Amino acid sequence: MSIPIADPAPLAEGTLRVIPIGGLGEIGRNMTIFEYDGKILIVDCGVLFPEEHQPGVDLILPDFEPIRDRLDDIVGVVLTHGHEDHIGAVPYLLRLKSDIPLIGSGLTLALVEAKLKEHRIKAYTLTVKEGQHEKVGPFDLEFVAVNHSIPDALAIAIRTPAGLVLATGDFKMDQLPLDGRITDLRAFARLGEEGVDLFLVDSTNADVPGFTPTERSIGPVLDQVIGKAPRRVIVASFSSHIHRVQQVLDAAAAHGRRVALLGRSMVRNMTIAADLGYLTVPDGVLINYKKARDLPDDKIVFMSTGSQGEPMAVLSRMANRDHAIEVGEGDTVILASSLIPGNENAVYRVIDGLTRLGAHVVHKANAKVHVSGHAAAGELIYCYNILKPKNVLPVHGESRHLYANAKLAQETGVPEERTFIAANGTVIDLKDGDARVAGQLDIGFVYVDGSTVGEITDADLKDRRILGEEGFISVIVVVDAGTGRIISGPEIHARGVAEDDSVFDDITPKIVAALKDASANGVHGTHALSQVIRRTIGRWVNQKLRRRPMIVPLVIEA
């Protein structure tokens with residue numbers, strides 16, 4: 001649904017304002033603002049990972065502009081779980097105001113604090129657990145256990161005089177979880193009896209029929225693959241997928257192998273998980289990476305990052321022969337994760353590269369080595385029937401996921417006019433059980449590029465794409481400042497356009513002629529003459545070489 005940009009009216013008394021800042025129409029950047037009585041509560045603050053059409057970008061942040069001038073009004077940031085798409089932008093928010101309280105479960109806050117330490121930020125934190133109630137400003141919060149692909153995930157019930165909101169965060173309804181912690185459907189039913197006025201619900205798997213398989217079903221497959229592997233085994237997963245790492249540790253121990261963790265984030269997160277008791281390490285199984293290289297090939301498993309084809313992650317570097325571990329004939333590589341939309345090409349490039357090196361690559365398409373952490377359609381319908389929400393806002397998903405989720409809500413009896421297919425920046429006001437769209441903020445992308453935050457624009461990325469895909473041409477001409485006569489040049493240099501600069505011999509006299517005509521017609525000045533050069537060579541390159549390179553003319557007056 002396309003909503004025209006329109007600033008909302010001032011917030012009326014007794015009204016709760018809800019603004020998703022990220023996570024709608026995308027998988028990542030999850031962040032939602034709740035405002036009541038002049039105070040702001042934020043739920044999640046995550047990053048989005050760049051796609052191929054965003055070259056050079058490291059991370060994409062939520063747009064903090066709507067709260068930049070209201071930092072003193074923020075009473076807290078509630079974090080539903082410890083995945084990067086929900087916590088990764090917290091350091092960048094706390095750069096604006098470091099004493100904003102962070103609220104979350106023990107594991108979630110431990111992962112956040114490790115990130116903040118790298119940014120040299122000391123946070124104010126409040127550790128909560130399921131069943132706990134906390135009063136934060138005008139918001140009465142209740143925390144509900146939900147199952148996800150990382151331990152300690154929480155749904156958040158937010159009570160204000162305007163109504164009751166339930167935000168699921170990322171969740172599924174695994175009835176046989178590895179840690180025995182299931183989604184608390186009894187709490188969902190109790191909230192449903194109380195009356196849920198607005199339901200913010202995970203949409204990622206809304207277009208997948210049935211129920212998401214259990215995590216427990218993955219263990220036997222990993223055990224079998226690792227048990228049959230003739231040489232080294234390399235398992236790639238998200239660096240926060242503690243359940244998957246647990247299964248790899250158990251399978252390795254069962255087959256007399258030892259495990260070395262690869263990748264800074266993998267080592268950091270698993271150390272935290274083990275210290276807090278979320279990861280049980282069998283005696284003697286973990287080994288330092290450097291010592292692991294001295295073991296026989298059939299006695300080692302490497303647990304690495306890079307399951308999404310990230311160019312600088314361990315697995316991509318192995319595929320490109322840019323890592324100390326050289327993948328070869330007889331090695332087994334397991335990609336134990338799902339594909340985040342937009343990463344498909346990068347992942348398949350890594351698979352192809354590893355296959356060419358002789359590895360046997362096992363992934364979701366040819367073996368059951370991963371299950372999703374998100375509720376499928378059957379689970380969502382189940383939740384709708386338990387909760388009977390008055391209004392529904394599908395979140396966390398691309399457009400097709402949001403529409404599929406909205407349709408499920410409508411099939412269970414939620415009226416279409418109370419089902420909001422929103423975009424980032426859509427303003428929804430809730431009062432007395434009634435929700436309505438009150439405006440649409442202009443929300444942009446904030447790019448982290450090296451040490452810069454927010455300085456790279458979409459125009460810059462367009463220039464990078466042109467440079468990468470079409471090449472670059474520079475034209476240098478020195479002209480007499482008084483007469484406009486060419487003193488030197490044109491000198492043409494190109495990169496990524498043609499094999500030999502001699503191809504431009506044909507266009508040089510045409511540039512000279514165009515400049516003479518311009519001068520004769522009273523066109524003077526370096527900018528105007530640069531435009532003449534740009535148009536002349538641009539037309540020629542397009543017709544002659546079928547390319548649209550970046551053209552940078554430089555006219556120097558002497």
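Residues: numbered from 1 along the sequence shown. Just so you know, these numbers use all the heavy atoms, side chains as well, and skip hydrogens, waters and symmetry mates. From a predicted model like this one, the values you see are computed outputs, not experimental measurements.
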Within the side chain of [X], is there an N or O that forms a donor-acceptor pair under 3.5 Å with the backbone of [Y]?
{"X": "Gln175", "Y": "Ile182", "value": "no"}
{"X": "His255", "Y": "Asp223", "value": "yes"}
{"X": "Asn147", "Y": "Thr183", "value": "no"}
{"X": "Asp63", "Y": "Gly444", "value": "yes"}
{"X": "Asp184", "Y": "Ala187", "value": "yes"}
{"X": "Asp174", "Y": "Thr214", "value": "no"}
{"X": "Arg29", "Y": "Leu61", "value": "yes"}
{"X": "Glu379", "Y": "Ala376", "value": "yes"}
{"X": "Lys172", "Y": "Ser372", "value": "yes"}
{"X": "Thr332", "Y": "Ala229", "value": "no"}

I'd like to know whether [atom1] of [X] has more than 12 heavy-atom contacts from other residues, nucleotides or ligands below 6.0 angstrom.
{"X": "Phe211", "atom1": "CZ", "value": "yes"}
{"X": "Arg186", "atom1": "CZ", "value": "no"}
{"X": "Lys388", "atom1": "NZ", "value": "yes"}
{"X": "Glu193", "atom1": "CD", "value": "no"}
{"X": "Glu326", "atom1": "CD", "value": "no"}

[Y] side chain reached by [X] side chain, heavy atoms, under 4.5 Å:
{"X": "Thr125", "Y": "Glu113", "result": "yes"}
{"X": "Phe199", "Y": "Leu164", "result": "no"}
{"X": "Leu191", "Y": "Val144", "result": "yes"}
{"X": "Leu154", "Y": "Glu130", "result": "yes"}
{"X": "Ile234", "Y": "Ser304", "result": "yes"}
{"X": "His243", "Y": "Ser149", "result": "no"}
{"X": "Arg181", "Y": "Asp152", "result": "yes"}
{"X": "Tyr278", "Y": "Ile272", "result": "no"}

Distance-only polar pair, side chains of [X] and [Y], donor-acceptor under 3.5 Å:
{"X": "His374", "Y": "His396", "value": "no"}
{"X": "His83", "Y": "Asp170", "value": "no"}
{"X": "Asn424", "Y": "Glu26", "value": "yes"}
{"X": "His241", "Y": "Asn269", "value": "no"}
{"X": "Glu84", "Y": "Ser240", "value": "no"}
{"X": "Asp44", "Y": "Thr80", "value": "yes"}

Measure the spacing between [atom1] of [X] and [atom2] of [Y] and express it to the nearest 0.5 Å.
{"X": "Met266", "Y": "Ser237", "atom1": "CE", "atom2": "OG", "value": "5.5 Å"}
{"X": "Arg190", "Y": "Glu194", "atom1": "CZ", "atom2": "CD", "value": "7.5 Å"}
{"X": "Thr412", "Y": "Asn385", "atom1": "OG1", "atom2": "CG", "value": "5.5 Å"}
{"X": "Thr108", "Y": "His86", "atom1": "OG1", "atom2": "NE2", "value": "10.5 Å"}
{"X": "Leu41", "Y": "Ile158", "atom1": "CG", "atom2": "CD1", "value": "5.5 Å"}
{"X": "Arg293", "Y": "Ile287", "atom1": "CZ", "atom2": "CD1", "value": "12.0 Å"}

For the student: nearest non-hydrogen atoms of [X] and [Y], plus distance:
{"X": "Phe420", "Y": "Leu393", "answer": "O-CD1, 3.4 Å"}
{"X": "Pro282", "Y": "Asp250", "answer": "CG-OD1, 4.0 Å"}
{"X": "Phe188", "Y": "Leu387", "answer": "O-CD2, 3.2 Å"}
{"X": "Asp207", "Y": "Pro209", "answer": "O-CD, 3.7 Å"}
{"X": "Arg216", "Y": "Leu176", "answer": "NE-O, 3.5 Å"}
{"X": "Pro91", "Y": "Ile121", "answer": "O-CD1, 3.6 Å"}

Scan residues 230-247 for pairs that pass salt bridge (Lys or Arg N to Asp or Glu O under 4.0 Å), counting only residues two or more places apart or in two chains. Glu215-Arg244, Arg231-Asp297, Arg231-Asp331, Arg232-Asp331
Yes or no on side chain to side chain contact (heavy atoms under 4.5 Å, CB included) for Leu94 and His119, after CA distance, side-chain angles and deciding distance? CA-CA 10 Å; Leu94 294 195; His119 288 259; over 6 Å; no
May I have the step-by-step check of side chain to side chain contact (heavy atoms under 4.5 Å, CB included) for His81 and Val146, ending in yes or no? CA-CA 10 Å; His81 66 281; Val146 292; over 6 Å; no
In sequence, state the C-alpha distance, the side-chain angles, and the governing distance for Cys383 and Met173, and then conclude on side chain to side chain contact (heavy atoms under 4.5 Å, CB included). CA-CA 10 Å; Cys383 288; Met173 289 163 52; 3.7 Å; yes
For Tyr384, enumerate each residue passing the side-chain hydrogen bond (donor to acceptor under 3.5 Å, both in side chains) test, keeping only those at least two apart in sequence or located in another chain. Asn405
Kindly indicate, with the supporting measurements, whether the criterion side chain to side chain contact (heavy atoms under 4.5 Å, CB included) is fulfilled by Phe171 and Val201. CA-CA 9 Å; Phe171 85 112; Val201 55; 4.1 Å; yes
Testing Ile334, Val235, Val221, Val233 for side chain to side chain contact (heavy atoms under 4.5 Å, CB included) with Val362, which one passes? Ile334
